[in-house]
Amino acid sequence: PTVLAADIGGTKTLVALVRGRDIIASRKIPTERSSTPDVWVASVLEIAQEWSGAYRAAAITVTGQVHAGLWKGVNHDTLRVSEFDLAAAISKFGVPYEILNDAQAAAWGEHIYGSVPGSDLVYLTVSTGLGGGIVAGGKLLRGHRGLAGHFGLFSPDLLSGDNNPQPFENAATGPWIARAGSEASKNPQTAKSVFEQARTGEEWARRIVEMSASRVASLCRDISFAIDPPIIVIGGGVGLADGYVDSVRRHFAEQMPGQKPEILISELQEHAGIVGVAAFAAQTHL
Ligand code: ADP
């Protein structure tokens, strides 16, 4: 059965026809950050119309909190969504549908089609934000308010008495790497350009990438003590960048000697979210 799947992230929106783990057709468009959810969903609908008749269920995954059909942004620095009736918007597709948080969807995708099929796991996306998903006892943990796995919202600053604590994700993800890189080099940088210069041996760039990886490693340590999963799978635009997972693994080994979860790179790469939410919809409706 073929599912229409869309993944609306803080930087990009992916729309695809998905069958199992195969992408039959796909389109990638930028998420216009200054725009609003109705506009983002309308552009998904527009692409979907080109494929009408080719799918029997729809599946949408978005960054932020998904609960009782509503979508709400959790960190406005990642994507600004006040409260949007996603279920009502998707019902216009005229087929049965499912909606999920993006990292939860990706966790489900890796559980079904990842490098250790059927394994319990924690999935981390290091992208515009830092999201997570938990599969435990073979089930996707969504939480009572859809918030389960929002690890990027942990606030380490609380311990240092900072009364305006920053979410963890504001100091590790793509926008942070770009900002830190621009400051250090006194030139405008993107996350990608910082990674490229780290690879060619620029010390300032290497330090920023290592700082991000070391912070994500410390998050993996906290996750190990909370959930103790057999594996932690890392994806997202930053997570998938060459060498990043190796670097997280190295820091994790230093920060948590002895037994710990194995850290793996996402098998489904940038399609983890759409494949996961499509599988979730197919299992429920087809
Ligand atoms: P979204 O957050 O919309 O789901 P991504 O997972 O692609 O999208 O993450 C986007 C972030 O990843 C951006 O900050 C972008 O700069 C960064 N990024 C994308 N590709 C790369 C790359 N090859 N190397 C480093 N950073 C990247």
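Excluded from the calculations below are hydrogen atoms, water molecules and symmetry mates; all remaining heavy atoms, backbone and side chain alike, are included. Read the numbers this way: they start at 1 and go in the same order the structure lists the ligands and their atoms.
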Exercise for review: Measure the shortest side-chain to side-chain distance between Val275 and Trp108 over non-hydrogen atoms and say whether it is less than 4.5 angstrom.
Suggested key: no

Check your understanding: More than 12 heavy atoms of other residues, nucleotides or ligands under 6.0 Å from CZ of Arg145: is that the case?
Key -> no

Point to revise | Beyond-backbone contact of His150 with Leu130, side-chain heavy atoms, under 4.5 angstrom | key: no

Practice item. Please confirm whether the backbone N or O of Arg33 pairs with a side-chain atom of Thr31, one donor and one acceptor, at under 3.5 Å? Key: no

Revision key, fill the gap. Applying salt bridge (charged side-chain N to carboxylate O under 4.0 Å, His left out) to Arg249 and not counting sequence neighbours gives Asp246

Please tabulate protein-ligand N/O pairs under 3.5 Å for ligand 1, atom names and distances to 0.1 Å.
from: ligand 1; atom 1: 2 (O); to: Thr128; atom 2: N; distance (Å): 3.1
from: ligand 1; atom 1: 2 (O); to: Thr128; atom 2: OG1; distance (Å): 2.5
from: ligand 1; atom 1: 3 (O); to: Gly10; atom 2: N; distance (Å): 3.1
from: ligand 1; atom 1: 3 (O); to: Thr11; atom 2: N; distance (Å): 2.7
from: ligand 1; atom 1: 3 (O); to: Lys12; atom 2: N; distance (Å): 2.9
from: ligand 1; atom 1: 6 (O); to: Gly237; atom 2: N; distance (Å): 2.9
from: ligand 1; atom 1: 7 (O); to: Lys12; atom 2: NZ; distance (Å): 3.3
from: ligand 1; atom 1: 8 (O); to: Lys12; atom 2: NZ; distance (Å): 3.4

**Study point:** Flag side-chain contact, heavy atom, 4.5 Å: Val238 against Ile177
**Key:** yes

